[in-house]
Amino acid sequence: MDRRGETEAFAELVYALIREIPKGRVTSYGAIARALGRPSSSRLVGRILGRGSHASPPVPAHRVVNSAGVLSGREAFSGAQTMQTLLEEEGIVVRNNKIANFNRVFWDPLHEL
DNA sequence: GGCGTGACTATGG
DNA sequence: ACCATAGCCACGC
């Protein structure tokens, strides 16, 4: 299996895990990487989502933010529905591109899955 | 193979 | 809370 295949396989695991995030909860790139056994690949997680993650069923990528609770990927959500809008529709409070109640809505797959 | 870049993270001042 | 540094890993030039 070449590097390309490994990355694609990892991407599928990332999508699968993100689909498990409960509505109204969020997690971080690092938490996902750690849950999949690759603690040092947090940047790769973000990269995977950035490359137009067209998977089916669709992946709720808006529920993934960085470790500080900042919507670092909002630029990728071009359209009527912004990342912030999607989160607010689930009851998450966003202020200045940052999740206000981050500690309460954070979902750690290692501890809650 | 080098070098810059980025939806990252942890740590220290 | 803000900024700088240093690891990190895959990608594109």
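In what follows, every chain begins at residue 1, and chains take the letters A, B, ... in the order their sequences are listed.
- Figure legend: R25(A) and F106(A) shown without cation-pi pairing, the cationic atom not lying both under 6.0 angstrom from the six-membered ring centre and within 45 degrees of its axis.
- A distance of about 12 Å separates the C1' atoms of dG6(B) and dC8(C), rounded to the whole Å.
- Using a 4.5 Å heavy-atom cutoff, the side chains of V65(A) and F102(A) are in contact.
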Which nucleotides of nucleotides 7-13 of chain B have their base under 4.0 Å from a protein heavy atom (B), which only their sugar-phosphate (S), and which neither (-), written as one string 5' to 3'?
BBSS---
With a 3.5 Å cut-off and sequence neighbours excluded, list the donor-acceptor pairs that the side chains of residues 28-35 of chain A form with protein atoms.
| from | atom 1 | to | atom 2 | distance (Å) |
| --- | --- | --- | --- | --- |
| S28(A) | OG | A31(A) | N | 3.1 |
| Y29(A) | OH | V64(A) | O | 3.4 |

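- With sequence neighbours excluded, the residues that form a salt bridge (charged side-chain N to carboxylate O under 4.0 Å, His left out) with E90(A) are R63(A).
- Annotation: of the two residues near DNA chain C, K98(A) and R38(A), the 5′-most nearest-nucleotide partner is K98(A).
- Looking at R19(A) and P57(A), their side chains come closer than 4.5 Å, going by heavy atoms from C-beta outward.
- S41(A) has no side-chain polar atom (N or O) that falls below the 4.0 Å cut-off from OP1 or OP2 of dC9(C).
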